[in-house]
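Report on the structure given below.
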Amino acid sequence: MKVVIVGGVAGGASCAARLRRLDEKAEIVMVERGPYVSYANCGLPYHISGVIPKESSLLVSNVQTFRVMFGIDARINCEAISIDPKMKTVDLRNVTTGEVTTESYDKLVLSPGARSVRPPLPGIDLPGIFEVRTVPDARTIREWIEKGTSFLAGMYNYSGIQFVKPARRAVVIGGGFIGLETAENLIHAGFEVTLVEMLDQLLAPLDREFARLVEEHMKRHGLHLALGDGVAGFKQLDDGALEVLTKSGKTHPADLVILALGVRPDTTLAQAAGLDVGEHGGIRVNGHMRTSDPDIFAVGDAVEVRDFVTGEWSLVALAGPANRQGRIAADVIAGREANFRGTQGTSIIGLFGGAAAWTGVSEKTLRRLGDEDYEKIYFFPNSHAGYYPGATPVAMKVIFRQSDGRLLGAQALGEDGPAVDKRISGLAMAIQMGATVYDLEEAELCYAPQFGSAKDPVNFAGMIAADVLRGDMPLAHWDHIKGALLLDVRSPVELVVEKVPGAINIPLGELRGRLGELPRDREIFLICRSAQRAYYATRILLQNGFKARNLSGGMLSRTLFAAKAHGGRKASHSTEGATSTVA
C-alpha cells in the first residue's frame with residue numbers, strides 16, 4: 001500500500017508517524033510546501049519577543065528524523081498542485097527548482113492547513129506589515145524589529161545627551177489567539193501596542209461578559225484596545241512609519257503592524273479534485289476522516305467537523321484536534337476501527353501570567369440556536385486553599401441542561417494560569433464523557449492545599465448546579481432583575497465599599513430574627529459578595545415560607561454584567577428598577 005500525505009506540521013506529521021507504527025510495509029510519502037516538516041506554530045509569538053530565544057526550539061521534527069526513524073519519504077519545499085482522483089495520482093512541484101513530478105497513491109491524506117486572512121485593503125503590502133503563521137514569518141518580524149525603518153534603526157544609536165528613548169509603536173489587527181499572544185509579546189519587547197478588532201469583544205468563543213474581564217486584564221498590562229472598529233487601509237509616512245486607518249475614521253500610528261485576522265481552510269486542492277466542501281468552507285469529512293472520495297482523507301485546520309455538544313458542522317483550527325484526526329486517519333487506513341467524536345473547542349490562552357480557557361458550548365451559541373433548555377451558574381472559587389499563601393480567585397461560568405443536568409460548557413479566567421487550565425481540562429473531559437452536574441458533585445480529584453481545596457472548584461460547580469436543579473437554590477441573574485425586591489445579607493461595613501441602590505440590608509446573622517420585616521407575597525432576590533451567604537439566606541427564607549432566589553455569583557458577577565452592558569465602564573444599569581419597598 002502506498003500512502004501520500006500532503007502537509008506536515010500537526011495533522012499530516014502525526015498521521016505519517018502513526019501509520020508507520022501500524023504498518024511497517026506501507027510506502028509513505030509526506031510532502032510539505034514549506035521549509036519545515038513539523039514545527040510548533042503555537043510558539044511563534046513567544047519567539048518574536050525572545051521568550052523562546054532559539055528558532056531551533058520551535059522545530060518539532062525534521063526530514064532526517066522521518067526518513068531515518070520512520071522510513072518515511074519526507075520532502076520539504078514540495079507543493080502538491082493537483083490531484084487526479086480517477087487515476088489516483090497527485091502532481092508535486094519542487095518549490096525551489098519548479099520541477100513537477102507525479103506520484104501515484106492507494107490512499108491520499110490532505111493536511112494543507114489554513115491560510116491567513118489577508119483582505120485586499122489599500123496599503124496592505126507595505127513594508128512593516130506582517131503575519132504570524134510560519135517560522136519564516138517570525139524570523140522576518142524579529143529582523144524587522146532589529147533593523148526595521150530608519151526610525152527603528154536609530155533606536156539604539158544615541159549620543160550622550162539623549163536620555164529618553166522614543167517609544168516603539170505596534171498595531172495588532174485581530175483579537176483572537178495569535179493577535180492577543182503577539183500583542184502581549186510585543187509589549188514584553190518594549191512596544192506600545194494598540195489592538196484593533198472589528199467585533200465588540202476579544203476572544204469570540206467567550207461569552208461577552210467574560211470577554212470583558214479579559215479586556216480589562218489586558219488594559220491593566222498596557223494594551224490599548226480599539227474594539228468594534230474594522231481596518232480600512234494603511235499608509236506609509238515619509239520616515240517609513242505606518243498609519244493604520246480604521247472604518248470609523250480613526251488613525252493609529254505604527255512602526256510595526258501584525259495581521260491576525262484569523263484563518264480560512266486551504267481547500268484549493270480539494271475543490272479542484274471535486275471533493276465536497278461544507279457550508280463553512282472546510283473539506284467535509286466523516287468520523288473516519290474520509291472525504292467524499294473514499295480513498296482520500298483530510299485532517300487538521302482544512303476540515304469541517306461536528307461540534308460535540310451541538311452536532312453542528314464547525315471549523316476548529318486547534319493543534320489538539322488536528323493531531324487526533326491524523327492519528328484516526330492512520331488507524332482507518334491501516335484497517336483499524338477509529339472514529340473522531342467531534343470537537344468541543346477546548347482552548348486556553350495565557351495572558352501576562354493569567355489565563356482564559358473554555359470548553360463546550362457558549363451561552364451565545366445556545367441563544368443563536370434557539371436552545372432554551374439550559375441554566376448557567378457563576379462562581380469565584382480560590383485557585384487553591386485560601387489559607388495557603390498565594391491563592392487568587394478564578395472566575396467561572398458553567399452551563400448545563402435544565403432538563404437532565406448534562407454539562408454543556410464552561411469558561412474560566414484567573415491570574416493563576418495552571419489553576420484555570422486544571423479546571424477547564426477536567427470539565428472538558430466530563431463533557432466528552434456525557435457527564436452531568438450530579439457527576440461533578442461526586443468527582444474525586446487531587447487535593448493538597450497548594451494545588452486546590454478539599455472541595456475542588458469542579459466539585460463546587462456540580463454542587464451549586466445540582467442545588468439549582470433540585471430546587472434547593474432557585475436562581476436569578478443580574479440581567480433579569482428589573483423591578484425585583486433585593487435583599488443584601490452582607491454586613492454594613494461591606495456596603496461602604498459597594499452597594500446596590502434600593503436594596504434592603506439585613507446581615508445574615510440577623511436574618512432569622514428579622515423575618516417579619518420581609519413580605520411573603522413577593523419574590524426576594526438575595527445578594528452577598530460571592531453568593532455563598534446569599535445561598536444560606538435563601539435556604540432560611542425558603543424553609544420559612546418565603547419565595548426567594550439567589551443572584552448567581554453575587555456582587556462579583558454583577559461586575560461582569562455591568563462591564564457587559566457598558567464595555568467596562570462603571571454602571572448601575574443592571575439594577576435599574578430594583579426596589580426595597582416592603583409591601
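Hydrogens, waters and symmetry mates are skipped; everything else that's a heavy atom, side chains included, is used.
- Counted within 6.0 Å of CD on Glu372, heavy atoms from surrounding residues, nucleotides or ligands total 12 or fewer; the atom is thus considered open.
- Among the candidates Arg264, Arg133, Arg115, the single residue satisfying the salt bridge (charged side-chain N to carboxylate O under 4.0 Å, His left out) test with Asp301 is Arg133.
- For the 3.5 Å distance criterion, the side chains of Thr346 and Trp358 fail to qualify, holding no donor opposite an acceptor.
- The closest donor-acceptor contact from the side chain of Arg423 to the backbone of Met396 lies at 3.5 Å or more, if one exists at all.
- Listed for the His384 side chain is a donor-acceptor partner under 3.5 Å among the backbone atoms of Pro389.
- Heavy atoms only, all atoms of each residue included: Gly311 and Arg306 are closest at O-NH1, 2.8 Å.
- No side-chain donor-acceptor contact under 3.5 Å links Arg208 to the backbone of Gln201.
- Using modelled atom types, one side-chain atom of Glu304 and one backbone atom of His280 make a donor-acceptor pair closer than 3.5 Å.
- When side chains are defined from C-beta on, Tyr36 counts as touching Pro136, because their heavy atoms get closer than 4.5 Å.
- Taking the six-membered ring where tryptophan is involved, the planes of Phe210 and Tyr378 are tilted, since the angle between them lies from 30° to 60°.
- Side-chain N or O atoms of Ser557 include one that pairs as donor or acceptor with a backbone N or O of Ser552 at under 3.5 Å.
- Counting all heavy atoms, side chain and backbone alike, Pro253 lies closest to Val171 at O-CG2, 3.8 Å.
- Residues meeting the salt bridge (charged side-chain N to carboxylate O under 4.0 Å, His left out) test with Glu243, sequence neighbours left out: none.
- Between the side chain of Ser347 and the backbone N or O of Gly345 there is at least one donor-acceptor pair closer than 3.5 Å.
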